[in-house]
Number of protein chains: 2
Amino acid sequence: MESIVHKIRFLQDSMGPAEKRIADYILSHTGEILPLSISTLASACGCGDATVVRFARRLGLEGYQEMKLRLAAELSATSTLSAEIQRQDSCLEIFRKRMGEIQSSLAATESVLDPEALDKAAKAIMRSERIVIFGLGNSAAIAQDAAHKFLRLGLCAQSVCDNHMQAIVASHLRRGSVAVGISHSGASRDIVEALRLCKICGATTVAITNYGEAPIVEASDIALFTKSDETEHSILAMSSRIAQLAIFDSIYTYIVLNSDKAARQAIANTEFALQNKKY
Amino acid sequence: MESIVHKIRFLQDSMGPAEKRIADYILSHTGEILPLSISTLASACGCGDATVVRFARRLGLEGYQEMKLRLAAELSATSTLSAEIQRQDSCLEIFRKRMGEIQSSLAATESVLDPEALDKAAKAIMRSERIVIFGLGNSAAIAQDAAHKFLRLGLCAQSVCDNHMQAIVASHLRRGSVAVGISHSGASRDIVEALRLCKICGATTVAITNYGEAPIVEASDIALFTKSDETEHSILAMSSRIAQLAIFDSIYTYIVLNSDKAARQAIANTEFALQNKKY
DNA sequence: AATAAATGAAAATAATTTTCATTTGGAGCA
DNA sequence: TGCTCCAAATGAAAATTATTTTCATTTATT
């Protein structure tokens, strides 16, 4: 199940001029296609009806009808972002609108995430003998959450959220360790420095950031990018933080699925150990 | 913009028998309507084509076509939860599937969240002279993140993630303070005890949990519920954690929007103070 | 029995798909 | 270079299919 819009973009170059016009038109007027009949669309693109049908078939669909249905489905999935949060909104309305932002940020992150880098990071963490995760401010909570996850798996993980401690810990890492630095801006001085130090000491370094050009990227062996469009009120980069959480969660899940019985046992042990903390 | 399915359910009773059959059929075969032509559907419902058109018009739509488009859009919004995470999935595929879980958990949370309780909690926090947030394990990261947010607003907030400290801090609260306890299960002994103590001391207590019957609810003045369907691999209640984050984010945003200039200035000051921590 | 609402068959309209003749852009060759 | 041939691409129109409208009939209600 793939996105039609993606597919159009992908196949665009292998099309003849008339079909390419259709592709262009749909990509630039995606939202306005739905009410158009095939002949309206065809004449808007200066081509015959048949070409539109062929175009739909090329996308692997039954015909124009199905294309419209699929587009409708996709648009609804994408267009939750419409609503701007307003001053008089109730808290629940804000929640609802935030949901949309979260969703679109996750979708954007999915499209920029490098699949190989992600797998590589997961494998490195799974096999490492020690994992340290650096975060400050905003990102400290994420670092802590990630460490918590990995600890439950029985891995030797630790979050370090104090810039002095980060320097100290970094300087004692070695080959076989993995260091993860989290910084939305990618420009957090202490995090970047710590990661550089880790690299010098031979550890594998992973960066999680929102910006491709950021200093933190150079200090990392593996870079994982989130994506969020910061609007006025998302000063705290809320949705990029959720994308970060989701990245760690995927890595966690990947490790659970790909590790031996021992790791599963470790999870069970954790559960058991926590049982008597509850009513 | 209302849901077609909702509308059908709502209008169902005011319809004649033939239209009601259509309503029944659509409600019980929602997913299978899309490829059907109007006459196929009509004969499946034992009625004429015209009745189907009338049915669509009654829903406020142009005709059968538009109804199908709307249904397609709605279905896609609902049916993201389909994919189970599999052992051989790549990390990115896991990410993609997690996105769906997050989305459906947020939607479920939105539907169980009590709007008044949420506004009440936000107002209590906005006006309080001191805010403490309790979390342990999983929830510690959320508590920390929330405290971080409120601190940026210039509020007197603090996360406490050590059960001794929780008891100590709780015992010193008083009227005008707000205590927030986060526990997915709602049964975390230390959190519940701390919250009880807070209540005795006169503080306003807020609980964030996934279960309506949980002990933590009784210890709270205001209860906010998340909702997540825990499947096999969501042991760590990932998606409920995201719902918790989103709740705090909504509260944060609400406060930003509803407070005076001073709070906005506080945010700006925070940004400024952090500037020289970056490259 | 009178009336209004509901309904479906069939006609009218509209949309989509198929067919097929024409065009277009090379590739091969003298 | 100019020519022929071929395959791919294209659109007009025909054929098919789907949707909508009309209107006579049925059904329920007063």
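Here the structure is a predicted model, which is why all the values come from computation and not from measurement. To find a chain, count down the sequence lines: A is the first, B the second, and so on, and within it residues start at 1.
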Whole-Å gap separating P (dG11(D)) and CG (L41(A)): 12 Å

From dT7(C), dT16(C), dG11(D), nucleotide with atom closest to A18(B) side chain: dT7(C)

Separation of atom NZ in K68(A) from atom C1' in dA18(D), rounded to whole Å: 12 Å

Euclidean distance, atom CD1 of residue I38(A) to atom C1' of dT16(D) [Å, nearest integer]: 13 Å

Distance test, side-chain N/O of R57(A) to OP1/OP2 of dT18(C), below 4.0 Å: yes

Nucleotide nearest R54(B) when distance is taken to its side chain, options dT16(C), dG8(C), dA18(D): dG8(C)

Touch class at under 4.0 angstrom, heavy-atom based, for A50(B) against every strand present: base

d(CZ, F55(B); C1', dT21(D)) in whole Å: 19 Å

Between dA15(C) (P) and Q65(B) (CD): distance, integer Å: 8 Å

Nearest-Å distance for atom pair CG/P, residues D49(B) and dT20(D): 10 Å

Nearest-angstrom distance from the residue atom NZ of K20(B) to C1' of dT27(D): 15 Å

Exercise: identify the closest heavy-atom pair between Q12(A) and D24(A): NE2-OD1, 2.8 Å

T253(A) and S250(A): CA distance, side-chain angles, deciding distance, side chain to side chain donor-acceptor pair (under 3.5 Å) verdict: CA-CA 5 Å; T253(A) 308; S250(A) 307; over 6 Å; no

Pair S3(A)-E74(A), side chain to side chain donor-acceptor pair (under 3.5 Å): steps then yes or no: CA-CA 7 Å; S3(A) 149; E74(A) 262 170 52; 3.3 Å; yes

Interatomic distance, E19(B) CD vs dT27(D) P [rounded to whole Å]: 17 Å

Sugar-phosphate only, base, or nothing, as touched by R21(B) at under 4.0 Å among non-hydrogen atoms: sugar-phosphate

Short side-chain N/O contact to dG8(C) OP1/OP2 from T51(B), under 4.0 Å: yes

Residues I33(A), Y25(A); criterion side chain to side chain contact (heavy atoms under 4.5 Å, CB included); working and verdict: CA-CA 9 Å; I33(A) 303 293; Y25(A) 190 89; 3.9 Å; yes

Approximate separation, where rounding is to 0.5 Å, of I216(A) CD1 and Y279(B) OH: 10.0 Å

